[in-house]
Amino acid sequence: MGAEETDYKSNPSRCNTLSLHWGVISIYFIVSFVVIFLSQVTGAFQPYSHTDPDFAASIHHLKLLVLAELNLLPSIFYVANKEPYRENDEPIKLYLDDFTSSNLKSLKAKISLEQFIFLLNSSYIKEDIVANDVVKHPFKSYRTIRRFVRFIGKLPEFTENEDLIRVWNHTRKLYKFPKESDLNASMESIIRLRQVYRFSINDILEGNLEMEIGSGLSIRHMVEIADHSCNLQLYSHAIDLYYGVMTKCSESQPRSFQDCSLLDLANIAVKLNDVIKKHDNLLVEWNDDLAPPDSSPHVFDDILDNITSPKFLSRKPLQIDHKMDELLKTKSELSQLYKDMIVSPFLYEKLCRGEQLRDKAVIASLKCYYSHKSHPIYTIGPLKFEVHSESPPIIQIYDIISDAEISQLQHEVQEEMRQSRTASAEGDDDLGITSRYRTSANAWIEDADISKFTYLNERIARITGLNTTGYFSSEIVQIAAYNPGNHYTPHSDAIFEDEIIKRLPESELQRGDRIMTFMLYLSHVEKGGGTGFPTLKTVIHPVKGSAVMWFNLNPDGTVNYNVLHGGCPVLYGTKWIANKWIRSNDQMFIKRCLNKREEREHYWEMPN
């Protein structure tokens, strides 16, 4: 989630000049002027904006992809229906069938594709509305990317119609098309949704993902996702999907008869037996080092042998919490903290599914309240606080940023959004690495130098009581966005840990660690997308215009692992957040390091 983001970014345009030699100060002012001037021109700062867009992660670029398809659709439809049918036109027919079942099935008014195109050309159906509908829907997003990779990107191979090719060439110049890697990322999002929210094969086929959204996947799609799961060694998913396909296509009246007729079921049976062997081999070699950071280690709790075996028919996913007891018996030196680090992803996924893990008495002790004490400006309009955890404190503040301000932030960065990176403990890539454990898109805003955004720094300072305006005080604002299936596994926002601290430049070390995270929700999310704190067994749901804040450090300056947190996968909708990370060294007179236990609560004191 956003405060779930762990990369860092320095802002070279500000500096603590008090300790510098006057000659250096002169150079500093010249450099600062240039940087500030450039930031005034560009507004949003994005260190890897030269990279290709990530369609499975970027809301803006996925919307553009939908617009590109709507631009091509009428011409493709004309070729399919106005010209004599030829055998090599079959891919065009399959494409139109896929578009129809994906985009028209969930419409309240049942219309044909021809009627849809007429209403689209007549502007009765707005392109932006269609694009927003696709971007929010996990299966429509995947199927749109897939149609480009499998068909639209290769359209000249399927037609000789000069008018259609001319429209295609024009569209190709206006829009970027996705690649195979984008399709793979989209399939991984669906695998993730199935894993976290525990959807059945029928749920996927019908599109019933905890809410009636329609437009599910076809049998053919499920085979492709099973193939990709196998390539990733996600064997439990591959086995369930292959077997689900065989079961559905073996029914007396299969639901997706046309898809089944196009499949080689004998080949799928071979694939299923092959992946069962790989699964059993992996399970025999299983050890704690193979445990991935989630609650379902992609294997079952016993070897399966074959599809006729009773073990196969009664298979259950191996759970990390079950494995933990065995692990603790063999490694007694494991600390409780390490146990929490391993178990936390398991608890995180439970929180994402809406399971209540806290005692009712703990929940009853929490409170909501109004307060103006953090700053005199709130005397007339006090802040609205909700306590989600008392120790360590996690506080949500409501109505602190307006819809107009949110739109301005989103507009500033939407074209610069690229797949999020994480700080790497290895290698020399200062931009970090992409990871399947963090799938979102982000960009940065120079909020200290752009006059129209300085209010954000000032407002956060008034609410938190901490310094935020100097170079040493805080990082520039990060904007992050999550498409359906995007997530961030549990992690700490602190950066002075493990091997990462060895790679930080001196300027970062001088700023100190991230003492506090201040995360703003810039959107509502229809389903999913909460921020889960597994150690504290609580989840916070996005409320547009609110913010959540917590301390990342203990009173003695060490990392507080009790606030490990993760961004739950967005199930339906899109999620926007803004992260402000406040650094510790410039807070030395506000939050000094304390070693005495009795002073801890004073250190963690929040606005009241």
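Just so it is clear, the model here is predicted, and its values are computed rather than measured.
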- Message: If you compare all heavy atoms of D54 against all heavy atoms of D182, which two are closest, and at what distance to 0.1 Å?
- Response: CA-OD1, 3.8 Å
- Message: Please evaluate residues Y243 and F312 with respect to the criterion ring-ring contact (aromatic ring centres under 6.0 Å, His included), reporting the C-alpha separation (whole Å), side-chain torsions for both, the decisive distance (0.1 Å), and the verdict.
- Response: CA-CA 11 Å; Y243 187 68; F312 178 86; 5.0 Å; yes
- Query: Got a second to check how far Q414's CD is from W576's CH2, nearest 0.5 Å?
  - Reply: 6.5 Å
- Closest non-hydrogen atoms of S141 and L62, given as atom of the first, atom of the second and distance, are OG-CD2, 3.6 Å
- Side-chain touch P178/L65, heavy atoms, less than 4.5 angstrom: yes
- Message: Please find the pair of heavy atoms, one from I201 and one from D240, that lie closest to each other, and give the distance.
- Response: CD1-O, 3.8 Å
- Message: A side-chain contact here means heavy atoms from C-beta on lying under 4.5 Å apart; do S102 and R147 qualify?
- Response: yes
- Query: What orientation do F533 and W550 show, parallel under 30°, tilted 30 to 60°, or perpendicular over 60°?
  - Reply: perpendicular
- Query: Does the side chain of I394 come within less than 4.5 Å of H565's, by heavy atoms?
  - Reply: no
- Query: Sub-3.5 Å donor-acceptor pair from the side chain of Y482 to the main-chain atoms of I577, do we have one?
  - Reply: no
- Heavy-atom count around K179 NZ within 6.0 Å, excluding the residue itself: above 12? yes
- Message: A side-chain contact here means heavy atoms from C-beta on lying under 4.5 Å apart; do C249 and I219 qualify?
- Response: yes
- Query: Would a 4.5 Å heavy-atom cut-off, applied to side chains only, mark F300 and I239 as touching?
  - Reply: yes
- Please answer whether the main-chain N or O of I225 pairs with a side-chain N or O of S229 as donor and acceptor at a distance below 3.5 Å. yes
- Are any of the side-chain heavy atoms of Y175 and L72 separated by less than 4.5 Å? no
- Query: Atom NE2 in H487, atom CG in L193: separation rounded to 0.5 Å?
  - Reply: 9.5 Å
- Message: If we check salt bridge (charged side-chain N to carboxylate O under 4.0 Å, His left out) with D98, which of these qualifies: R150, R143, K105?
- Response: R143
- Query: Given side chains that start at C-beta, do those of K271 and C230 come closer than 4.5 Å, heavy atoms only?
  - Reply: no
- Please state whether the rings of H221 and Y142 are parallel, tilted or perpendicular, taking 30° and 60° as the class boundaries. perpendicular
- Can you find a heavy atom in the side chain of W168 that is under 4.5 Å from one in the side chain of I152? yes
- Query: With distance as the sole criterion, is a donor-acceptor pair present between the side chains of N306 and S309 under 3.5 Å?
  - Reply: no
- Message: For K575, is there an ion pair with E526 - N to carboxylate O distance below 4.0 angstrom?
- Response: no
- Query: Quick one: do the R146 and S186 side chains pair a donor with an acceptor below 3.5 Å?
  - Reply: no
- How close do P534 and Y348 get, heavy atom to heavy atom, and via which atoms? CB-N, 3.8 Å
- Any donor-acceptor pair under 3.5 Å linking the side chain of R514 with the backbone of D493? yes
- Query: Which heavy atom of Y572 sits nearest a heavy atom of K136, and at what distance?
  - Reply: CD1-O, 3.3 Å
- Closest non-hydrogen atom pair, S523 against T574: OG-O, 3.4 Å
